[in-house]
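Counting starts at 1 for both ligands and their atoms, in listed order.
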Amino acid sequence: MVEIELKNEEFELFRRYIYDKVGISLSRQKSTLVKGRLNKRLNHLGLKSFREYYDYLVHDESGEELSFFVSAISTNVTSFFRESAQWVWLESYLPKLTASKREKKIRIWSAGCSSGEEPYTILMFLQHHLSDFDQWDIKILATDISSKVLAKAIEGSYEAKQVESLPREIALRSFEKLKDERGIRYRIVPKLREKVTFRLYNLVTDPFFFKNRFDMVFCRNVMIYFDDVTRQELVRRFGRVLSPGAPLFLGSSESLTSQRETFKLIGSSIYQRL
Ligand SMILES: C[S@@+](CC[C@H](N)C(=O)[O-])C[C@H]1O[C@@H](n2cnc3c(N)ncnc32)[C@H](O)[C@@H]1O
């Protein structure tokens, strides 16, 4: 593989473009990371310089290359039942939510869903804790900017070691065992999969137009990449699409430093839309 240099002025082009398009603010120290993670891509595309790659990126109207770039510089790390304290909190909140509903309808958004563990965990959780789960009309919108992770999420099949750590009762009801060229895998059962709609969606630039307000929004470990201005704007927009009283879940290392008139801290990185 040919090692291609990333000049300062080229890095600057990427830095500005990525900030405008995705809200990710790349510090100048990230130059080595960008160079290291994208060298293979440039070689694969037969490009000779990062300037050529920049032109390729900005002219790709499909958004696929942007999606590739974001996957290369950010992390898609996720897992089932991540942030355990939040699930404990949700257990006590659920009876209040269901009691407040005239129609048996719940709408949830997993924003930055990565490979699907988060939206599927929400469903596993609801199936386990709602005795009349089958009578509820539950829909989850799960979105991410990376088409690569979304393809995994849509398939909904996971390695045995990811599933073996789940409580047995939950795993048995939620997965079917299958074998393919990758070995033994566990796929989310159709009954749960069909409740999730996966969409390629950029939280920074795509419009927030939704038919219904959401009863919960999960946007965990996504805003870590954004600067303050982008974060605040995103949270303001979440405020518009959440029902009054509904919770917004952030990652455990994330917090809201503004919007106190719209959101109140009610649990571990959980904020209530006032
Ligand atoms: C670390 S993962 C978090 C997954 C999951 N929410 C969790 O906490 O386990 C962050 C995800 O955010 C996505 N992401 C980053 N910037 C985004 C943007 N502007 N719009 C939508 N998704 C974005 C990434 O592609 C990645 O899959």
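Here Tyr225 pairs with nothing under the ring-ring contact (aromatic ring centres under 6.0 Å, His included) rule; sequence neighbours left out.
Two rings, from Phe125 and Trp87, have their centers less than 6.0 Å apart.
Under the ring-ring contact (aromatic ring centres under 6.0 Å, His included) test applied with Phe14, the options Tyr19, Phe69, Tyr56 reduce to a single match, Phe69. For the pairing with Asp215, the side chain to side chain donor-acceptor pair (under 3.5 Å) check across Arg107, Lys105, Lys101 returns one residue only, Lys101.
Glu233 and Arg236 are joined by a salt bridge, as a carboxylate oxygen and a charged side-chain nitrogen come within less than 4.0 angstrom of each other. Ion pairing between a basic and an acidic side chain is recognised when a charged N comes within 4.0 Å of a carboxylate O; Arg15 and Glu12 show such pairing.
Within 4.0 Å of ligand 1, protein heavy atoms come from Val22, Thr75, Asn76, Val77, Thr78, Arg82, Gly112, Ser114, Glu118, Asp144, Ile145, Ser146, Tyr201, Asn202, Leu203, Val204, Arg220, Asn221, Val222, Phe226.
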